[in-house]
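A quick write-up on the structure given underneath.
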Amino acid sequence: MTAPTEPLDVAVLGATGTVGQRFLALLEGHPWFRVRALVASPRSAGKRYADAVDWRLEGDVPDHAADLVVRSAEDAPDRDVTLALSGLDSSVAGTTETRWAEAGLFVVTNASAHRMDPDVPLVVPEVNADHMELARSQRFERGGAIVANPNCSTIGLVLALAPLHRAFGIEAVEVTTLQAASGAGYPGVASLDLLDNVVPFIRGEEDKLAEEPAKILGRLEGGAIEPAALRVSAQCFRVPVVDGHTASVSVKLATSATADDVLEAWRGHVPPRQGLPGETLRPLRYTAREDRPQPRLDRDAEAGMGVTLGRLRECPVLDWRFVALAHNTVRGAAGGALLVAEQAVLNGLCGRHAGRS
Ligand code: NAP
């Protein structure tokens with residue numbers, strides 16, 4: 001397991017979108033990855049990136065991307081790059097990513113299309129980096145592979161659940177999410193639908209939250225994932241917050257635990273330092289302040305890669321309840337996917353030294 005000696009060439013798919021823009025902001029000056037190709041819809045194809053994109057993040061379009069000419073997702077995959085980071089719209093992500101993997105590329109996707117494929121690792125590096133090995137069993141020609149970043153709400157939830165699952169076992173979870181507007185991409189939900197309002201429906205989201213945690217918290221055995229035996233009941237709401245998904249969570253544990261036990265399990269969740277450029281010292285932090293976490297105040301913890309927990313209380317129905325908050329386009333999308341890609345490189349799955357069968 002070694003860091004690359006020189007940067008790997010990378011394509012960003014869906015480069016003009018909400019997630020794509022985050023990718024490009026985070027990839028500026030990245031020590032392991034160098035952006036060589038940008039891909040979006042035929043509407044953007046043929047234009048300089050700076051002309052094609054409606055840049056919605058602070059500052060200007062990053063210099064490293066501004067003059068690259070955007071290619072169409074309908075074009076043949078770019079075989080000069082090693083890694084494709086995908087923030088493609090869900091309508092085209094699945095088929096496009098398959099084509100890129102078939103062309104021999106290592107694809108890390110933010111879309112849901114491949115997440116539950118039995119041979120696709122669904123990875124939160126601090127939780128289940130070992131699942132990455134599943135990618136070796138994929139049978140794309142030329143050694144390509146697909147690895148998935150989980151749903152943006154799943155990531156914060158699973159980072160909070162993993163230490164509890166390891167210490168006490170989790171039987172059941174009830175989660176209600178309050179999800180930011182940027183989670184719907186740009187322009188997303190019309191302002192007149194969202195201001196002064198809460199929308200109690202996000203298509204497909206409750207199913208993703210119900211099924212993804214069991215796969216991530218499951219065990220890799222005999223070349224397959226044995227899902228964890230936990231049930232998740234999810235309700236998802238769109239709220240007028242720009243960035244940051246909040247989750248109100250209740251859990252039923254398999255063995256009893258005190259509040260101190262729960263806090264100790266979270267505190268003890270300090271993943272080993274591996275030297276990944278995007279790894280955080282403290283992916284989980286607990287705040288004892290009674291009115292936190294809040295999206296505006298806590299979403300940028302650890303440069304957007306930290307999950308903030310708070311309000312641990314006994315639950316009169318299940319065992320314990322708490323609040324978890326994560327930045328949806330950083331930890332929940334581009335930052336999380338970048339960490340997955342870095343882990344894949346370190347594990348020898350992606351890059352010149354990759355040894356997939
Ligand atoms: P978005 O802002 O709408 O961006 C979508 C991207 O896909 C744009 O680059 C767009 O290019 C491209 N695209 C759209 N239609 C296309 C087509 N027919 N052919 C090729 N490219 C096409 O969406 P987003 O929020 O960034 O989400 C991107 C993906 O990440 C989705 O699968 C989403 O579910 C997932 N995700 C999003 C978040 C989040 O917080 N936003 C979090 C986790 C996962 P043009 O600009 O050329 O149209």
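Numbering of ligands and ligand atoms starts at 1, following listing order. Note that this is a predicted model, so its numbers are computed, not measured. The first residue in the sequence is number 1, and the count goes up from there.
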At a 4.0 angstrom heavy-atom cut-off, ligand 1 is contacted by Gly14, Ala15, Thr16, Gly17, Thr18, Val19, Ala40, Ser41, Arg43, Ser44, Ala73, Gly87, Leu88, Asp89, Ser90, Val92, Asn110, Ala111, Cys152, Ser182, Gly183, Gly185, Tyr186, Asn328, Thr329, Gly332, Ala333

Extract all donor-acceptor atom pairs below 3.5 Å that involve side chains of residues 218-229 and protein atoms in other chains or at least two apart in sequence.
| unit_1 | atom_1 | unit_2 | atom_2 | d |
| --- | --- | --- | --- | --- |
| Arg219 | NE | Glu221 | OE2 | 3.2 |

Does Arg34 come within less than 4.0 Å of Glu28, counting only side-chain N to carboxylate O?
no

Between Asp78 and Arg36, does at least one N-O distance fall below 4.0 Å, as a salt bridge requires?
no

Please tell me if the side chains of Ser182 and Asn328 come closer than 4.5 Å, counting only heavy atoms from C-beta onward.
yes

Thr255 side-chain N/O to Phe168 backbone N/O, donor-acceptor pair under 3.5 Å:
yes

Contact between Leu85 and Leu83 at the side-chain level, heavy atoms closer than 4.5 Å - yes or no?
yes

